[in-house]
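The block underneath contains the structure these notes are about, expressed in structure tokens.
Side-chain atoms are counted along with the backbone in the values below, which use heavy atoms only and exclude waters and symmetry mates. Index from 1, following the sequence.
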Amino acid sequence: MLKSNNGEEAESKITPDFVPMIRIVFWNSLGFFFFQFLIPYVTAQLLEASGTEMGLTFASQTIGGLISTPIVGYLTDRVSKKLLVLIGSFGRAACYILLYVGIIFSSLIIFAIGLFVLGFFLGFFWSPLNALISEKSHKTFRSSAFGKQGGMLGKGNFVGSIFSFLIFGIANYYVPNNRIIVYCPLILFTISNIYAGITFHRKVDENLTYDIHMNFTNEVSMDSELETNHTSLTLTIGFMIGFILLITAFMTSSTNQTIAPPFFQVYLINELNVINPTLVMFIYFPSQIISLLLAPRMGKLADRIKPQLAIMIICGFGALVTWLIVNSTSGLMFGIILVFDVTLAWASSLVLQNVLSRISKGHRGKIFGVVQWMSFLGAIVGPIVGGLAWDHLGFQAPFIISIFIELSLIPLYIIAISILKPYMAEKIEMDFKKVGGKEI
């Protein structure tokens, strides 16, 4: 459990099953790093796809998400969230099997189908899970709640990555042509996702929300009472303008986050001469693990800073970091800078998830679903634009485009959040310095 005075304070802002709920995410995340490494490596090096083919392969994942997300957003507010998470876990397991088959038979089509399946079932997992995290935490603790989920993802990533390193590195050294052995971690991650989905479904009480928990313990804060009836969306012109700007910003941000990353490995191999695939994994490893392990601390910080200020700082530094990446002179320098890049991306996610979760208490599934759909749309555009830029404008083009997009996000997010502020169902300003009977 969470410990110390800060830990006791944190416990007053979450439900009793919150920590067990996010612990289960450990099993879902064992294969995250290996999967993220595998996509560009397999498409570019093993299957020898062109820049445009790489972009289209990456986009297949988001096309699947575009199809399923509207459905899942609607279902999240109406059916069992645990059932949706279970379906999402099984869908990820199916994806790993298809990727494994595509690699063994050198089929870019099967590999792309696997990514499509992943994208289709991602919404079944993340939208209901994000809604549950929001429902089981107090609004002043929301970024911290999502940060704790990120920390658990980091722990699962770490364990799964160490395991993947050992198998992939040893197999590549002794039997590099035996793809069945080299890529067998995909089968084990299939099993872990099935186990995670079943365990989640059995142990999480989706009917126990933070408000219900506080009512039961007779420690309802004044703001909880005031907000009980604010569960519907206020569909005024002002709200619609702010929300449209916000989802446009999410789409633009998603485009930015997928323009350059698909070509990081190609950049390492072709420009920095990092040819050994195991060494490429070691360069990527710190960024994917450290950023997630820092998520709980970043969540606490995000709960104490105005979203507009946080976005301004994060996007500004993000543009600088991207410029430093494209000017890297060694694999070591690239890896160090990448840690900051991925950490900033996670910090931005925590700030914005906080904002999204407070827009409406009764329609969180729809809110997360719409935003995820727009993010998927941006994630289709990003790799395709990046691939075309890489092929026709040079290896630096995707990175330079990303810098300009990052800077353009600052005014877009600030304006959107400022307009939406009066319409929030959960207003931080309504707090009376008490949560669960304790001073904050």
Where the side chain of W373 meets the backbone of L66, is there a donor-acceptor pair that is under 3.5 Å apart?
yes
Look at the side chain of D77 and the backbone N and O of K366, then say whether any donor-acceptor pair between them is shorter than 3.5 Å.
yes
More than 12 non-hydrogen atoms from neighbouring residues, nucleotides or ligands closer than 6.0 Å to CH2 on W390, yes or no?
yes
Atom CG of L338 and atom CG of L324: how far apart are they, to the nearest 0.5 Å?
12.0 Å
Under 4.5 Å between any side-chain heavy atoms of C184 and I167, yes or no?
yes
Between V326 and Q396 the two heavy atoms that sit nearest each other are CG2-CG, 3.6 Å
Who pairs with T43 by side-chain hydrogen bond (donor to acceptor under 3.5 Å, both in side chains), at least two apart in sequence or on another chain?
none
Looking at every heavy atom in both L30 and S192, which two are closest together, and how far apart are they?
CD1-CB, 3.7 Å
Taking the ring of F121 and the ring of F124, is the distance between their centroids below 6.0 Å?
yes
Please tell me if the side chains of T209 and T15 come closer than 4.5 Å, counting only heavy atoms from C-beta onward.
no
Heavy-atom pair with the smallest gap, counting every atom of S161 and I289:
OG-CD1, 3.9 Å
Please check this pair: side chain of R358 against backbone of K139, looking for a donor-acceptor N/O pair closer than 3.5 Å.
no
Can a donor-acceptor pair be found, under 3.5 Å and without considering hydrogens, that links the side chain of R92 to the backbone of G88?
no
Can you measure from CD1 (I313) to CD (Q308) and round to the nearest 0.5 angstrom?
12.0 Å
Test item: T199 side-chain N/O and A196 main-chain N/O as donor-acceptor pair under 3.5 Å
no
About how many Å separate OG of S348 and CG of L350, when rounded to the nearest 0.5 Å?
8.5 Å
Can you see which heavy atom on S291 is nearest to which on V342, and at what distance?
OG-CG1, 3.3 Å
Main-chain N/O of S375 paired to S254 side chain as donor or acceptor, under 3.5 Å
yes
Below 4.5 Å, heavy atoms only, C-beta onward: do F243 and I367 meet side chain to side chain?
yes
Side chain S349, main chain A345, donor-acceptor under 3.5 Å
no
Checking I14 against F141 for the side chain to side chain contact (heavy atoms under 4.5 Å, CB included) test, could you report, in this order, the C-alpha distance in whole Å, the side-chain angles of both residues, the deciding distance, and whether it holds?
CA-CA 8 Å; I14 55 178; F141 194 71; 3.7 Å; yes
Salt bridge (Lys or Arg N to Asp or Glu O under 4.0 Å): which pairs involve residues 122-135, sequence neighbours left out?
K81-E135
Would you say the side chains of E406 and S402 form a donor-acceptor pair under 3.5 Å?
no
Could you check whether any side-chain heavy atom of M21 comes within less than 4.5 Å of a side-chain heavy atom of I133, counting everything from C-beta outward?
yes
Of all heavy-atom pairs between G369 and T69, which one has the smallest distance, and what is that distance?
O-CG2, 2.8 Å
To the nearest 0.5 Å, how far apart are OG1 in T57 and CG in L47?
8.5 Å
Donor on one side chain, acceptor on other, S29 and N157, under 3.5 Å:
no
Does any part of the side chain of V204, heavy atoms only, come nearer than 4.5 Å to the side chain of P20, both counted from C-beta?
no
Ring-plane angle category for Y96 and F35, please: parallel below 30°, perpendicular beyond 60°, tilted otherwise.
perpendicular
Evaluate side chain to side chain contact (heavy atoms under 4.5 Å, CB included) for F90 paired with N193, printing each intermediate quantity in order.
CA-CA 7 Å; F90 280 27; N193 273 274; over 6 Å; no
Counting only heavy atoms not in F158 (residues, nucleotides, ligands), do more than 12 fall under 6.0 Å from its CZ?
no
Evaluate F239 against I359 for side chain to side chain contact (heavy atoms under 4.5 Å, CB included), listing each step before the verdict.
CA-CA 10 Å; F239 172 85; I359 292 176; 3.7 Å; yes
Are any non-hydrogen side-chain atoms of I311 and L409 less than 4.5 angstrom apart?
no
Please report the C-alpha distance between L377 and M251 in whole Å, then the side-chain angles of each, then the deciding distance to 0.1 Å, and finally whether the side chain to side chain contact (heavy atoms under 4.5 Å, CB included) criterion is met.
CA-CA 6 Å; L377 189 60; M251 185 187 73; 3.6 Å; yes
Between CG of L186 and OH of Y183, what distance do you get to the nearest 0.5 Å?
9.5 Å
Answer yes or no on whether R78 is positioned over the face of Y74, meaning its NZ or CZ is under 6.0 Å from the six-membered ring centre and within 45° of the axis.
yes
What distance separates F163 CZ from F34 CZ, expressed to the nearest 0.5 Å?
10.0 Å
Between T140 and D303, do the side chains contain an N or O donor and an N or O acceptor separated by less than 3.5 Å?
no
Looking only at heavy atoms, which two atoms of G119 and S68 are closest? And how far apart?
O-OG, 3.9 Å
Let me see the working for S357 and N130 under side chain to side chain donor-acceptor pair (under 3.5 Å), right down to the final yes or no.
CA-CA 8 Å; S357 69; N130 288 338; over 6 Å; no
Is the backbone of T252 close enough, under 3.5 Å, to the side chain of N256 for a donor and an acceptor to pair up by distance?
no
Under a 4.5 Å cut-off applied to non-hydrogen side-chain atoms, are V355 and M424 in contact?
yes
Which pairs of donor and acceptor atoms, one on a side chain in residues 103-117, lie under 3.5 Å apart (sequence neighbours left out)?
{"from": "S106", "atom 1": "OG", "to": "R179", "atom 2": "NH1", "distance (Å)": "2.4"}
{"from": "S107", "atom 1": "OG", "to": "I110", "atom 2": "N", "distance (Å)": "3.1"}

Classify the ring geometry of Y413 against F250: parallel below 30°, tilted from 30° to 60°, perpendicular beyond 60°.
perpendicular
Are any non-hydrogen side-chain atoms of I180 and Y100 less than 4.5 angstrom apart?
yes
So among K148, Q149, M152, which one has a side chain to side chain contact (heavy atoms under 4.5 Å, CB included) with R23?
M152
